[in-house]
Structure formats: C-alpha cells, structure tokens
Amino acid sequence: MSFSLYLLKGQKALVTGGSSGIGEAIVRALAKAGASVAINYHSHPENADNILDDIKADKGEAIAIQADVSKEDEVQAMFSQMYKQFGTIDILVNNAGLQKDAPFLEMTLQQWNTVIGINLTGYFLCAREAAKEFVRRGVKPDISSAAGKIIFISSVHEVIPWAGHVNYAASKGGINMMMRSIAQELAPQKIRVNSIAPGAIKTDINKSAWSTPEAEAKLLTLIPQKRVGEPEDIGKVAAWLASDDSDYINGATIFVDGGMTLYPGFATGG
Ligand code: NAP
C-alpha cells in the first residue's frame with residue numbers, strides 16, 4: 001500500500017516486546033509508515049539490534065531500549081530515555097507478554113503473578129507513562145489529530161476461556177476492561193485507546209501449536225479461514241490503528257483472528 005509510507009510521518013512510537021514475533025512486525029510496520037520507533041526488549045538485545053540495522057538501512061529512525069515492563073522504575077527509565085532521544089511519544093503499543101501454563105489446581109502463585117505482572121500490570125505502567133506525556137503535550141495538528149494513541153495487544157482469549165491457561169486468559173480479559181476504562185477517561189483529551197486481539201499467529205509463544213503438520217492441522221480446526229496468522233497480519237492493522245485514518249475508533253477491540261471468535265464448532269451443528 002503506497003499511502004502507508006507517510007501515514008505516521010513525524011510520529012514517535014514505542015513498542016514493548018518489540019524484538020520478536022508480533023512486536024517485531026509492528027515495529028517494522030510503524031517504521032515503514034514513517035514513524036521513529038523505540039524498540040523495547042527484555043532479554044534479546046541482538047534481535048533488537050538486527051531490526052535497528054534494517055530500519056536504518058531503509059533510511060528510518062529507531063532506537064532500542066532494555067526494560068522489564070513489569071517494573072515501575074524500569075518503565076519510567078525507559079520513557080525518560082525515549083524522551084531524551086526522541087523528545088516525546090505519539091504512539092504506544094503495549095505488546096510484551098508471555099504464558100506460564102499449568103492446570104489450575106497446580107498453578108503456582110509465582111506463575112500467576114509473573115503473567116499478571118507482565119501482561120496486565122506492565123500494560124498499565126506503560127499506558128500511564130504515555131498518557132501523562134499525551135496530556136502534558138496535547139494535540140499537535142501537524143503531527144496527528146489525536147494527542148496520542150495507545151494500542152493494547154490483547155488476544156482472542158479476552159473472550160474465549162482457556163483451560164490450562166487461567167493466568168493468561170485472566171490477563172487478557174483484564175486488558176479489555178483496562179483499555180475501555182482508560183479510553184472512556186481520556187477520550188475528552190483526544191487520546192485514543194484501542195486493542196488488537198490476535199488469534200493464532202506464528203511466533204515463538206505458540207510454536208508447539210503450529211510447528212509440525214499434525215499440530216497445525218489440529219490448530220486449523222479452530223480457524224474458519226483455514227490459515228494460521230503471520231505477525232505481519234497484526235503489524236499492518238497496528239499501523240492503521242495508530243494513524244489518523246482510524247481517528248474515530250476509540251475504546252474498541254479489533255479481532256484479527258481468521259474467524260477464531262466465530263465459534264467454528266457451530267458451523268456444522270449446534
Ligand atoms: P513472543 O515472540 O514470545 O514475544 C513476546 C515478547 O515479549 C518478547 O519480545 C519478549 O522479550 C517480551 N517480553 C517478555 N517479558 C517481558 C518483560 N518482562 N518486559 C519486556 N518485554 C518482555 O510472542 P508473541 O506471540 O509475539 O507475543 C506478543 C504479544 O502478542 C503477547 O502479548 C501475546 O500475548 C500476544 N498474542 C500472541 C498470539 C500468538 O498467537 N502469537 C495470539 C494472541 C496474542 P524478550 O524476548 O527480549 O524477553
């Protein structure tokens with residue numbers, strides 16, 4: 001799409017967990033659309049460096065910042081570093097997340113706290129920091145009609161219960177209400193807050209579910225469109241949702257799931 005080249009020109013974006021999988025695809029899509037991108041990584045600086053090199057080779061602007069998003073002091077330091085290098089923030093994509101799966105009766109408090117700490121508290125901490133800057137700076141009409149945009153990477157599991165993944169499903173269900181409540185509170189200040197809820201996307205988080213033909217065939221029974229998603233499917237939607245082309249969307253969750261939330265079991269019965 002040729003128009004995407006300038007969709008985000010002049011805007012400063014931060015993508016958490018931006019050095020792999022869906023986060024990496026979002027980083028690349030935002031950079032392609034003209035944004036300067038801060039790539040937050042946790043434990044893989046080499047991945048972040050490779051992406052930086054590619055963006056710079058393409059005449060884009062990017063920096064990499066290490067931080068654990070579940071830690072308030074590290075999040076604040078990450079935003080300070082971003083402001084030092086980019087001056088401000090226009091787009092936050094809360095993406096960093098993980099799973100610590102266990103049957104419910106065996107789930108430890110540590111497994112629960114780790115997932116809630118990163119997937120939910122981490123999103124809160126980053127959203128709060130970004131929103132403070134959006135409110136302080138206000139709208140710059142030559143940059144965007146919004147004072148700022150926050151995108152939460154949720155999951156189909158914000159609505160589909162998931163046995164054996166209670167901590168993960170609870171974190172994603174929590175994101176839904178956090179996103180909508182923040183959107184309701186900040187919309188009068190021209191801040192847009194939305195979620196993208198991916199279905200099954202080929203990344204490391206779910207490799208066992210698609211990396212063999214048998215596993216992929218089983219996964220496809222849950223996807224009416226009969227295709228497992230690619231990270232770029234999410235990157236493209238994120239770039240559009242961060243742009244003024246989606247200016248009237250606020251407090252919404254966009255499911256990007258090949259129909260996974262259409263209850264495919266009911267297609268032939270029910
Ligand atoms: P992934 O490749 O494993 O990416 C997860 C990212 O989160 C990694 O870059 C990781 O960084 C980062 N991360 C983990 N803990 C962190 C922390 N404490 N602080 C900062 N960053 C941290 O998996 P993915 O599939 O792209 O997942 C990205 C998001 O999409 C997650 O929120 C996930 O729940 C969501 N999602 C994925 C799917 C799917 O099918 N793949 C479906 C629905 C939703 P390091 O590697 O540097 O540690």
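Read the numbers this way: they start at 1 and go in the same order the structure lists the ligands and their atoms.
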*Asks:* In the protein, which heavy atom is nearest to atom 46 (O) of ligand 1, and how far is it?
*Replies:* His44 ND1, 2.8 Å
*Asks:* Quick one: does His42 get an N or O within less than 3.5 Å of an N or O on ligand 1?
*Replies:* yes
*Asks:* Side chain, backbone, both or neither: which part of Tyr123 has a heavy atom under 4.0 Å from ligand 1?
*Replies:* side chain
*Asks:* Where the side chain of Asp204 meets the backbone of Gly21, is there a donor-acceptor pair that is under 3.5 Å apart?
*Replies:* no
*Asks:* Just to be sure I read this right, does ligand 1 sit under 4.0 Å from the backbone of Ser70, its side chain, both, or neither, counting only heavy atoms?
*Replies:* neither
*Asks:* For the NE2 atom of His42 and the CD1 atom of Ile65, what is their distance to the nearest 0.5 Å?
*Replies:* 14.5 Å
*Asks:* Of all the non-hydrogen atoms in the protein, which one sits nearest to atom 5 (C) of ligand 1, and at what distance?
*Replies:* Gly97 O, 3.5 Å
*Asks:* How about Glu230: does its CD atom have over 12 heavy atoms from other parts shown lying under 6.0 Å from it?
*Replies:* yes
*Asks:* Tyr41 and Asn47: side chain to side chain contact (heavy atoms under 4.5 Å, CB included), yes or no, with the steps?
*Replies:* CA-CA 9 Å; Tyr41 67 93; Asn47 291 2; over 6 Å; no
*Asks:* Are more than 12 heavy atoms, taken from residues, nucleotides or ligands other than Lys84, located less than 6.0 Å from that residue's NZ atom?
*Replies:* no
*Asks:* I'd like to know if Thr16 contacts ligand 1, where contact means a heavy-atom distance under 4.0 Å to any ligand atom.
*Replies:* no
*Asks:* Ligand 1 versus Val156, non-hydrogen atoms closer than 4.0 Å: side chain, backbone, both, neither?
*Replies:* neither
*Asks:* Give, for atom CD of Glu216 and atom CD1 of Ile223, the distance between the pair rounded to the nearest 0.5 Å.
*Replies:* 8.0 Å
*Asks:* Tell me the contacting part of His157 for ligand 1: side chain, backbone, both, or neither, using a 4.0 Å heavy-atom threshold, strictly below.
*Replies:* neither
*Asks:* If we only consider heavy atoms of Ala67, is any one of them less than 4.0 Å away from an atom in ligand 1?
*Replies:* yes
*Asks:* Quick one: does Asn119 get an N or O within less than 3.5 Å of an N or O on ligand 1?
*Replies:* no
*Asks:* May I ask you to identify the nearest protein heavy atom to atom 44 (C) of ligand 1, giving residue, atom name and distance to one decimal place in Å?
*Replies:* Ser154 O, 3.1 Å
*Asks:* Is there any N or O on Leu98 that sits under 3.5 Å from an N or O of ligand 1?
*Replies:* no
*Asks:* Measure up the His157 and Trp162 rings against each other and bin them: parallel (under 30°), tilted (30 to 60°), perpendicular (over 60°).
*Replies:* parallel
*Asks:* Any idea which protein heavy atom is nearest atom 13 (N) of ligand 1, and the distance to it?
*Replies:* Ala96 CB, 3.9 Å
*Asks:* I'd like to know if the side chain of Lys172 and the backbone of Ile153 have a donor-acceptor N/O pair within less than 3.5 Å.
*Replies:* yes
*Asks:* With backbone taken as N, CA, C and O and side chain as the heavy atoms from C-beta onward, which portion of Asn206 lies under 4.0 Å from ligand 1: side chain, backbone, both, or neither?
*Replies:* side chain
*Asks:* Checking a contact table here: which protein heavy atom is nearest atom 12 (C) of ligand 1, and how many Å away?
*Replies:* Gly17 CA, 3.8 Å
*Asks:* Using the salt bridge (charged side-chain N to carboxylate O under 4.0 Å, His left out) definition, which of the options Lys9, Lys12, Arg137 pairs with Asp90?
*Replies:* Arg137
*Asks:* Say whether Lys71 and ligand 1 are in contact under the criterion: heavy-atom distance to a ligand atom below 4.0 Å.
*Replies:* no
*Asks:* Would Arg28 and Glu24 satisfy salt bridge (charged side-chain N to carboxylate O under 4.0 Å, His left out), going step by step from the backbone distance to the final call?
*Replies:* CA-CA 6 Å; Arg28 291 183 185 278; Glu24 173 178 350; 3.0 Å; yes
*Asks:* Return a yes/no value: protein heavy atom under 4.0 Å from atom 22 (C) of ligand 1?
*Replies:* yes
*Asks:* Mark yes or no for whether Lys226, through its side chain, and Leu220, through its backbone, hold a donor-acceptor pair below 3.5 Å.
*Replies:* yes
*Asks:* Quick one: pull up CD in Glu129 and CG in Leu92 and give me the separation to the nearest 0.5 Å.
*Replies:* 10.5 Å
*Asks:* Polar contacts were defined as any N/O atom of the residue lying under 3.5 Å from an N/O atom of the ligand; does this apply to Ile22 and ligand 1?
*Replies:* yes
*Asks:* What do you reckon, does Tyr41 have a nitrogen or oxygen under 3.5 Å from a nitrogen or oxygen of ligand 1?
*Replies:* no
*Asks:* Side-chain contact test, heavy atoms from C-beta onward, threshold under 4.5 Å: evaluate it for Phe255 versus Pro198 and give yes or no.
*Replies:* no
*Asks:* For ligand 1, indicate whether the residue Pro198 contacts it via side chain, backbone, both or neither (heavy-atom separation under 4.0 Å).
*Replies:* both
*Asks:* Quick one: nearest non-hydrogen protein atom to atom 9 (O) of ligand 1, plus distance?
*Replies:* Ser20 OG, 2.9 Å
*Asks:* At a 4.0 Å threshold, what atoms of ligand 1 neighbour a non-hydrogen atom of Gly21?
*Replies:* 2 (O), 26 (O)
*Asks:* Under 4.0 Å from ligand 1, counting heavy atoms only, is it the side chain of Val69, its backbone, both or neither?
*Replies:* both
*Asks:* Tell me which one of Ile26, Thr114, Thr203 gets a heavy atom nearest to atom 41 (N) of ligand 1.
*Replies:* Thr203
*Asks:* What residue and heavy atom of the protein are closest to atom 33 (C) of ligand 1, and at what distance?
*Replies:* Tyr168 OH, 3.5 Å
*Asks:* I'd like to check which ligand 1 atoms, numbered from 1 as shown, lie under 4.0 Å from a non-hydrogen atom of Asn95.
*Replies:* 28 (C), 29 (C), 30 (O), 31 (C), 32 (O)
*Asks:* Quick one: look at Pro231 and ligand 1, take heavy-atom pairs under 4.0 Å, and tell me if it's side chain, backbone, both or neither.
*Replies:* neither
*Asks:* Suppose we measure from atom 27 (O) of ligand 1 to each protein heavy atom; which comes out shortest, and what is that distance?
*Replies:* Ile205 CD1, 4.1 Å
*Asks:* Pro45 near ligand 1, heavy-atom distance under 4.0 Å?
*Replies:* no
*Asks:* I want to confirm something. Looking only at heavy atoms, which of Gly199, Ala200, Gly122, Gly18 is nearest to atom 38 (C) of ligand 1?
*Replies:* Gly199
*Asks:* With a cut-off of 4.0 Å, which atoms of ligand 1 are near a heavy atom of Asn40?
*Replies:* 20 (C), 21 (N)
*Asks:* As a test of understanding, state which of Ile254, Leu241, Thr253 forms a side chain to side chain contact (heavy atoms under 4.5 Å, CB included) with Asn194.
*Replies:* Leu241
